[in-house]
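Some notes on the structure that comes next.
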Amino acid sequence: MKVVVIGAQWGDEGKGQIVDYLANEAQIIVRYAGGANAGHTIVTGGEEYALHLIPSGIFYPDKIVILGAGMVIDPVALFSELKMLQDRGIDTTGRVFISDRAHIVLPRYIQIDKDRDAARKKPIGTTGRGIGITYSMKSDRDGIRMADLTWREKMDELEKGDREFLAPYIDRLLSMSIDLSLYLVHRKNSQVLFEGAQGALLDLDLGTYPYVSSGMSCAAGAAVGGCVGPRAIDKVLGVFKAYSTRVGNGPLPSEFDPGSEDELCRFVRDTGREYGVTTGRPRRCGYLDLVSLRYACLTNSIDSLVMTHLDVYDTLDEIKACVSYRIGDRIVENFPASIADLNAAKPVLRSFPGWKKSLASALTYEEFPEAAMEYIEFIERFCETPIDIVSVGYDRKATIIRKSPWTR
Ligand code: IMO
Ligand code: MG
């Protein structure tokens, strides 16, 4: 069976933690989009790890992890991450592979990324990892793929600085290179987990363009970036937080109002540890935006939702979620493409009673307080999508499964 895990918001939904949990029942984990712009926090064995490039299944000693064709790979970041894992006792030898179609990030792309964003009138607030530049080199057909490292003419064409940069990495990169399509065909009966990075609303086509990342972080990207056809995918899981966050610029219609809701914003940010794993930037925070979540469900064929960070709301008297937007004198129920509309949108909020109780002790969904169930079940009805998994903490034990994702 092939299951895709995507972020259903603007990234940082807790995908890494969920993939780590679900990887227990998979043999192969394929990351399919983005690069070192991602930051996935995983807590396991009492240790906390931050991953940027390596798929989150790496903490199980017997799993194969693969960096897919849709990814852009910075060799410096890759080998420093592998070294960090080895130094901390995670043996990665012989089980990390890279698609021969994946593109390589060069140091000068990183510099161009930073310079270009700084020169923008309204910066996107990129992570400065050279991601957008690598993808635009790719679409310009000037990129360098893993497979090109053995293509003599191509290597000779490169600028001297690029060749010198790549030289010490070539053998190590090639030792990890595979034909991902064939690799998966030969393992037809394996359980494969496709791990997304970024999120539905940061997808180049479906997200809040131009305030997006440049990869295909949507569910369809799992097929392209994972070198399989769309019909090979059996199930799509969408991970979302009980509230909204965003790093960098761009619309966040349900953002807590600066001024009147500063206290709520600080509370959510600190309780949810909403600081970027890659850049350390404080994340912008807001109410759960059901308009955009429903849009993510529709545009990604999300079969079931995974809700994370619900415990952040444990102590609140009242919880609110955004159910439509007020744009001028219009009420808008569907997620607009227009950035002008999204910037002008004011959230229309629905209120729910808080449960005022720690969710940490619940081992099953049935043990949740009624008010928490009410919030969850409203979201299910609104998005017409079941919430099959709820996470109430960082530990693997804090993941409550209502329906196994490995069933159709
Ligand atoms: P994970 O996988 C949150 C955001 C950046 C910026 C925009 C473009 O941890 O969920 P880029 O460097 O990709 O060109 O930046 O996208 N961004 C993310 N935000 N989580 C991520 O990944 C992100 N990856 C990129 O902050 O606004
Ligand atoms: Mg992250």
Side-chain angles (χ1 to χ4, degrees), residues 4-20 31-43 48-56 67-68 70-74 77 81 103 105 109-118 120 122-138 194-204 206-218 221-222 225 238-241 244-252 255 272-286 296 306 308-309 339 394:
V4 175
V5 174
I6 68 156
Q9 296 165 312
W10 283 274
D12 304 322
E13 301 90 348
K15 298 176 290 293
Q17 188 203 340
I18 293 300
V19 169
D20 169 70
R31 200 46 211 256
Y32 65 83
N37 50 348
H40 298 166
T41 306
I42 287 119
V43 180
E48 184 171 319
Y49 300 85
L51 296 178
H52 302 284
L53 280 166
I54 307 283
S56 304
L67 287 76
M71 286 189 71
V72 290
I73 293 156
D74 172 358
E81 199 164 309
H103 278 248
V105 180
Y109 299 172
I110 296 176
Q111 197 51 52
I112 302 172
D113 179 14
K114 290 177 183 163
D115 294 346
R116 202 176 277 182
D117 207 37
R120 282 187 174 106
K122 289 207 174 82
I124 291 163
T126 74
T127 59
R129 298 294 190 273
I131 305 300
I133 305 302
T134 312
Y135 281 115
S136 61
M137 294 299 276
K138 170 179 170 173
F194 290 94
E195 172 182 354
Q198 289 77 56
L201 302 168
L202 288 174
D203 178 83
L204 184 62
L206 299 169
T208 49
Y209 186 93
Y211 300 98
V212 289
S213 190
S214 305
M216 278 184 91
S217 51
C218 60
V239 187
F240 74 103
K241 277 191 287 215
S244 302
T245 65
R246 176 163 202 163
V247 233
N249 295 326
L252 181 60
E255 188 163 13
R273 307 202 304 181
E274 297 300 347
Y275 294 88
V277 177
T278 301
T279 56
R281 291 178 288 182
R283 295 180 185 138
R284 297 157 61 197
C285 300
V306 179
T308 64
H309 286 246
I339 298 296
Y394 287 94

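For the numbers below, each heavy atom of this structure counts, side chains included, while hydrogens, waters and symmetry mates do not. Counting starts at 1 for both ligands and their atoms, in listed order.
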Leu204 versus Met216: any side-chain heavy-atom pair under 4.5 Å?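 Contact flag for Leu204/Met216 side chains = no.
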Under 4.0 Å between a side-chain nitrogen and a carboxylate oxygen: does that hold for Arg273 and Glu48?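 Answer for the salt bridge query: yes.
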Atom name of the N, O or S atom of Asp12 nearest to the Mg ion (ligand 2) is OD1
| field | Test item: side-chain donor near acceptor, Gln198 and Asp203, under 3.5 Å | value | no
- request: Check the side chains of Thr279 and Arg129 for a donor-acceptor pair under 3.5 angstrom, ignoring hydrogens and angles.
  value: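 The criterion, which ignores hydrogens and geometry beyond distance, is not satisfied for Thr279 and Arg129.
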Using every non-hydrogen atom in the two residues, find where Leu67 and Pro55 come nearest and quote the distance to one decimal.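 So the two residues come closest at CD1-CD, 3.9 Å.
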Would you tabulate the polar-atom pairs, meaning N/O of ligand 1 against N/O of the protein, with distances under 3.5 Å, reported to 0.1 Å?
residue: ligand 1; atom: 2 (O); partner: His40; partner atom: NE2; Å: 2.8
residue: ligand 1; atom: 2 (O); partner: Gln198; partner atom: N; Å: 2.9
residue: ligand 1; atom: 9 (O); partner: Asp12; partner atom: OD1; Å: 3.0
residue: ligand 1; atom: 9 (O); partner: Gly39; partner atom: N; Å: 2.9
residue: ligand 1; atom: 9 (O); partner: Gly39; partner atom: O; Å: 3.1
residue: ligand 1; atom: 10 (O); partner: Asp12; partner atom: N; Å: 2.7
residue: ligand 1; atom: 10 (O); partner: Lys15; partner atom: NZ; Å: 2.7
residue: ligand 1; atom: 12 (O); partner: Thr127; partner atom: N; Å: 2.8
residue: ligand 1; atom: 12 (O); partner: Thr127; partner atom: OG1; Å: 2.6
residue: ligand 1; atom: 13 (O); partner: Asn37; partner atom: ND2; Å: 2.8
residue: ligand 1; atom: 13 (O); partner: Ser213; partner atom: OG; Å: 2.6
residue: ligand 1; atom: 20 (N); partner: Asp12; partner atom: OD1; Å: 3.2
residue: ligand 1; atom: 20 (N); partner: Asp12; partner atom: OD2; Å: 3.4
residue: ligand 1; atom: 24 (N); partner: Gln198; partner atom: NE2; Å: 3.1
residue: ligand 1; atom: 26 (O); partner: Val247; partner atom: O; Å: 3.2
residue: ligand 1; atom: 26 (O); partner: Arg281; partner atom: NH2; Å: 3.0
residue: ligand 1; atom: 27 (O); partner: Val247; partner atom: O; Å: 3.1

Point to revise | Donor-acceptor contact below 3.5 Å, side chain Thr278 vs main chain Ala38 | key: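 It does hold such a pair.
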Between the OG1 atom in Thr245 and the CD atom in Glu274, the distance rounded to the nearest 0.5 Å is 4.5 Å
Would you check if the Mg ion (ligand 2) lies under 2.8 Å from any N, O or S atom of Gly39?
yes
